S.K.: 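Have a look at this one.
Order of appearance sets the numbers: ligands from 1, and atoms from 1 within every ligand. All values below were derived from every heavy atom in this structure, side-chain atoms included, with hydrogens, water molecules and symmetry-related copies excluded. None of the values given here were measured: they were computed from a predicted structure.
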Amino acid sequence: MSAGTSGDEPVARDPKDYKIATKLAHAKTSVTDPYGASAPPLYQTATFAQPSATENGPYDYTRSGNPTRTQLEEQMANLECADRAFAFSSGMSALMCVTRLVNAGERIVTGDDIYGGTSRLLAQVVPKVGIEVVNVDMNDHDAVRAAIQGGNTTMVMMESPTNPRLQVIDIKAICDMAHEKGALVCVDNSIMCPTFQAPLALGADISMTSATKFIAGHSDVTGGLLACNGEELGNRIYFHQNAEGLHLGPFDCWLALRGLKTMQLRMERQQENAMKLTAWLESHPRVNKVNYPGLKANVGHELHSKQASGAGSIFSFTTGDVEFSKIVVEETKLHKITVSFGGTTSLISLPCFMSHASIPAEVRAARGLPDDLVRISCGIEDADDLLADLQYAFAVAEKRVGKA
Ligand SMILES: *Cc1c(COP(=O)(O)O)cnc(C)c1O
């Protein structure tokens, strides 16, 4: 409900109805501070003294809970419109925790174009404890339904858009299929963040975000977050966060809280830059394909526009020539050759040789991840400078390899 009057009494807007930008600037927390500090207090401590031998205070040991972490977890729950959120030492430990909700003999269904680290976790770690993992093309709904119904499926782990091909998956449709079977759905929302996409509102049970990327936003922290609704699920996640020591340390929580304040501004600027670069790439004769859901010509554009409010700042493209792609990646000056994404600096990479190298070559080929695929994550630089940088690298590549 918007601010206004009910009868004669002025009614302030309910903080629950604040838009994300406002929620980010006004972090919500139950942690009280006697001095009214404007920045979140950092409790860099492992232990907390207890009121007496027989009474427990609100915190005793940082693995079990820490006020700085509480602030981050409550703020994330607020942004996700979730009951609870949990902060982990990395995106991977957050995903590891999700797999702990699955027992031996049960099945996890996941996509065939997923983050390299997730692919490795599901292919090489999770099967060790007797969990079955089935990869399917998440856009082939008959295949997804068959995979979910075909085994003892208790978890579906998905991403949309996927990385690095930016395939858009119908989150709501997959959630409906999983719930028919009584399975939980975890959506990896690292590329969109709560700024652009709300997985829980689309039906997911767990929303996962790598805080290493846009949340911390300055390439200085690794962290991961899970947000969920319902007491039982929250308690199960908390149990594993504590029992396995998967939590994020206080200072990293503090950095993530600091990063969150400017997330909306960064994400909007980064998205604007991506729109400009993809528009240029799309019309370039050397570029065969641009994967970016923000382009009208993209197969996922319509679906993505329905389930997200922005296309984000990550895209990829192919040039048809590995050598050409390699020169482009190496000749850009402002785009640093770095894995990851979501920082303030623009990054460029050849995923098959970097972030996705842990996926065996034959699996990559089967999943349509060509070696000439270039991925860019736009930073917050000036768009014209970024475009000129890319144009320069293309010109060098054309000179060395020849025009298309
Ligand atoms: C980076 C990333 C992860 C893993 O997060 P870390 O913080 O690096 O452990 C998981 N999923 C996606 C989509 C990512 O981009």
S.K.: Tell me: protein heavy atom nearest atom 7 (O) of ligand 1, and distance?
M.R.: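 The protein heavy atom lying closest is Thr212 OG1, 2.6 Å.
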S.K.: Could you identify the single nearest non-hydrogen protein atom to atom 12 (C) of ligand 1 and state the distance to 0.1 Å?
M.R.: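 Checking every protein heavy atom, the shortest distance to atom 12 (C) of ligand 1 gives Asp188 OD2, 3.3 Å.
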S.K.: With side-chain hydrogen bond (donor to acceptor under 3.5 Å, both in side chains) as the test, pick out the partner of Arg100 among Glu244, His240, Gln241.
M.R.: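 Looking at Glu244, His240, Gln241, the match for Arg100 under the side-chain hydrogen bond (donor to acceptor under 3.5 Å, both in side chains) is Glu244.
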S.K.: Are any of the heavy atoms in Gly223 under 4.0 Å away from ligand 1?
M.R.: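 Per 4.0 Å heavy-atom rule, Gly223 contacts ligand 1.
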S.K.: Quick one: does NZ or CZ of Arg286 land under 6.0 Å from the six-membered ring centre of Phe324, within 45 degrees of the ring axis?
M.R.: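 Cation-pi check for Arg286 and Phe324: passes.
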S.K.: Would you mind checking which non-hydrogen protein atom is closest to atom 5 (O) of ligand 1, with the distance to 0.1 Å?
M.R.: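 For this ligand atom, the closest protein heavy atom is Ser210 OG, 3.1 Å.
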S.K.: Among all protein heavy atoms in this structure, tell me which lies nearest to atom 6 (P) of ligand 1, with the distance rounded to 0.1 Å.
M.R.: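 Result for atom 6 (P) of ligand 1: Gly91 N, 3.3 Å.
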S.K.: Distance under 6.0 Å and angle within 45° of the ring axis: does Lys23 meet both against Tyr18?
M.R.: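 Relative to the ring axis of Tyr18, which defines the angle, Lys23 lies outside at least one limit.
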S.K.: Can you tell me which residue and heavy atom of the protein come closest to atom 3 (C) of ligand 1, and the distance to 0.1 Å?
M.R.: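 Of every protein heavy atom, Tyr115 CE2, 3.4 Å lies nearest to atom 3 (C) of ligand 1.
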S.K.: State, with a plain yes or no, whether a side-chain heavy atom of Pro194 is found less than 4.5 Å away from one of Met76.
M.R.: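 Yes; the side chains approach each other to less than 4.5 Å.
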S.K.: Any idea which protein heavy atom is nearest atom 14 (C) of ligand 1, and the distance to it?
M.R.: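 Nearest protein contact, heavy atoms only, for atom 14 (C) of ligand 1 is Lys213 NZ, 2.9 Å.
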S.K.: With the threshold set at under 4.0 angstrom, would you say Ile191 reaches ligand 1 through any of its heavy atoms?
M.R.: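 The answer is no: ligand 1 sits nowhere under 4.0 Å from a heavy atom of Ile191.
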S.K.: Side chain, backbone, both or neither: which part of Thr222 has a heavy atom under 4.0 Å from ligand 1?
M.R.: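 For Thr222, no heavy atom sits under 4.0 Å from ligand 1.
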